[in-house]
Amino acid sequence: MKIAVLGGSFNPIHIGHLALADEVCESLGYDRVLFIPAYNPPHKELQTLVTREDRMEMVRLACQDDPRFIAEACEMERGGISYTYDTVCVLEEKYRDVLEGKIALILGDDLHSGFHLWYKAEELSQKCDLILARRPPVSLGKASVANHARGAYGNLPQEFDVSKEVLFKNALFIQNPFLSISSTDIRERCSEGKSFRYLVPSKVFEYIKNGGLYAAH
């Protein structure tokens with residue numbers, strides 16, 4: 001079984017995430033995409049408008065209708081800083097009986113310029129097949145809904161030539177659908193009472209609405 005990993009805060013998960021996973025399966029032949037919500041991402045301070053349990057449940061709901069998509073809770077269960085290298089080591093052991101080849105790591109282009117700062121980045125680039133995806137520019141959003149970069153991640157260049165990053169020399173590029181949707185924009189729309197029904201999976205929409213998630217208080 002060919003397995004790819006899509007990590008993130010998923011705050012909330014939206015249809016852009018699902019479209020990206022679908023492209024990885026369809027164009028690169030992966031059998032499963034593991035959606036892994038971060039417990040505590042090392043590169044940004046999350047806007048804590050919802051609980052970790054809420055983020056995990058929204059991912060579970062989003063994955064329910066596609067057997068190729070798996071909501072993987074390993075980082076939530078492990079706690080602490082969610083280093084991707086540690087996560088991949090856990091997954092290699094967990095799926096060792098079915099895993100075909102290396103685990104693939106999907107990276108949106110908002111992460112490309114900072115990848116060299118990741119914990120054990122060089123080892124990770126060798127341990128995994130890296131898949132580089134497109135992502136629309138991220139809205140900064142209002143201060144009340146925005147995430148904030150940590151440390152050196154806040155001083156990364158605005159322009160980045162991915163071809164010059166030696167860690168990406170064997171990476172695969174995909175032309176995934178370029179959907180101008182971001183979790184930040186969805187949080188902002190929720191806080192302002194604006195429509196977002198078709199930006200997230202239907203079950204996620206119901207979960208957000210029923211729980212009053214991201215609403216202004």
In sequence, state the C-alpha distance, the side-chain angles, and the governing distance for L124 and L105, and then conclude on side chain to side chain contact (heavy atoms under 4.5 Å, CB included). CA-CA 9 Å; L124 188 61; L105 181 61; 3.9 Å; yes

Pairwise side-chain contact, Y119 with T84, heavy-atom cut-off 4.5 Å (strictly under): no

Can you say whether the rings of F35 and F10 are parallel (under 30°), tilted (30 to 60°) or perpendicular (over 60°)? tilted

For the pair S82 (side chain) and Y39 (backbone), establish whether a donor and an acceptor sit closer than 3.5 Å, ignoring hydrogens and angles. yes

Nearest 0.5 Å please: distance from the CG atom of L172 over to the OG atom of S27. 9.0 Å

Taken in chain and number order and not counting sequence neighbours, the residues that satisfy side-chain contact (heavy atoms from CB on, under 4.5 Å) with A171 are L130, L132, F168

Pairwise salt bridge (charged side-chain N to carboxylate O under 4.0 Å, His left out) hits with a residue in residues 16-37, at least two apart: D22-R68, E26-R68

With the 4.5 Å side-chain cut-off for hydrophobic clustering, are V59 and V50 part of the same group? yes

Can you tell me how far SG of C25 sits from CG of D66, rounded to the nearest 0.5 angstrom? 7.0 Å

Listed once per pair and sorted, the side chain to side chain donor-acceptor pair (under 3.5 Å) pairs that draw on residues 122-131, sequence neighbours left out: E92-K127

Separation of F115 CZ from L117 CG (nearest 0.5 Å): 10.5 Å

Identify each donor-acceptor pair in which a side-chain atom of residues 13-21 lies under 3.5 Å from a protein atom, sequence neighbours left out, and give them as a table.
{"unit_1": "H14", "atom_1": "ND1", "unit_2": "G16", "atom_2": "N", "d": "3.0"}
{"unit_1": "H17", "atom_1": "ND1", "unit_2": "H14", "atom_2": "N", "d": "3.0"}

Applying salt bridge (charged side-chain N to carboxylate O under 4.0 Å, His left out), can you list everything that pairs with E77, at least two apart in sequence or on another chain? none

Rounded to the nearest 0.5 Å, how far apart are SG of C63 and CE of M58? 12.5 Å

Which atom of R187 lies closest to which atom of P12, heavy atoms considered: CG-CD, 4.2 Å

Working to the nearest 0.5 Å, report the span between CG of D86 and CZ of R78. 5.5 Å

I would like to know whether L91 and L34 meet side chain to side chain contact (heavy atoms under 4.5 Å, CB included); could you show each step before the answer? CA-CA 10 Å; L91 296 175; L34 309 182; 4.0 Å; yes

Across all chains, not counting sequence neighbours, the salt bridge (charged side-chain N to carboxylate O under 4.0 Å, His left out) partners of E72 are K94

Residues in side chain to side chain donor-acceptor pair (under 3.5 Å) contact with Y83, at least two apart in sequence or another chain: none

Any link between L107 and L167 through a network of hydrophobic side chains (Ile, Leu, Val, Met, Phe, Trp, Tyr) touching at under 4.5 Å? yes

List in chain and number order the residues that pass side chain to side chain donor-acceptor pair (under 3.5 Å) with E93, two or more places apart in sequence or in another chain; answer none if no residue qualifies. R96

Any side-chain to backbone donor/acceptor pair from R55 onto N11? Under 3.5 Å, distance only. no

Under the ring pair (Phe, Tyr, Trp, His ring centres under 6.0 Å) test, which residues partner Y30, sequence neighbours left out? none

Backbone of R134 reached by a side-chain donor or acceptor of D109 within 3.5 Å: no

Please tell me if the side chains of M1 and L99 come closer than 4.5 Å, counting only heavy atoms from C-beta onward. no

Say you draw a straight line from CD1 of I70 to CD1 of I36; how long is it, rounded to the nearest 0.5 Å? 11.0 Å

List the residues meeting salt bridge (charged side-chain N to carboxylate O under 4.0 Å, His left out) with K194, not counting sequence neighbours, and say none if there are none. E192

If you compare all heavy atoms of M76 against all heavy atoms of A38, which two are closest, and at what distance to 0.1 Å? CE-O, 3.7 Å

Same hydrophobic cluster for V33 and V90, using side-chain heavy-atom links shorter than 4.5 Å among ILVMFWY? no

Those residues that, when tested against R60, pass salt bridge (charged side-chain N to carboxylate O under 4.0 Å, His left out) (two or more places apart): E57

For residues 196-209, please give each side-chain donor-acceptor pair under 3.5 Å, one per line with the distance, not counting sequence neighbours.
{"unit_1": "K203", "atom_1": "NZ", "unit_2": "Q64", "atom_2": "OE1", "d": "2.9"}
{"unit_1": "K203", "atom_1": "NZ", "unit_2": "D65", "atom_2": "OD1", "d": "3.2"}
{"unit_1": "Y207", "atom_1": "OH", "unit_2": "D54", "atom_2": "OD1", "d": "2.7"}

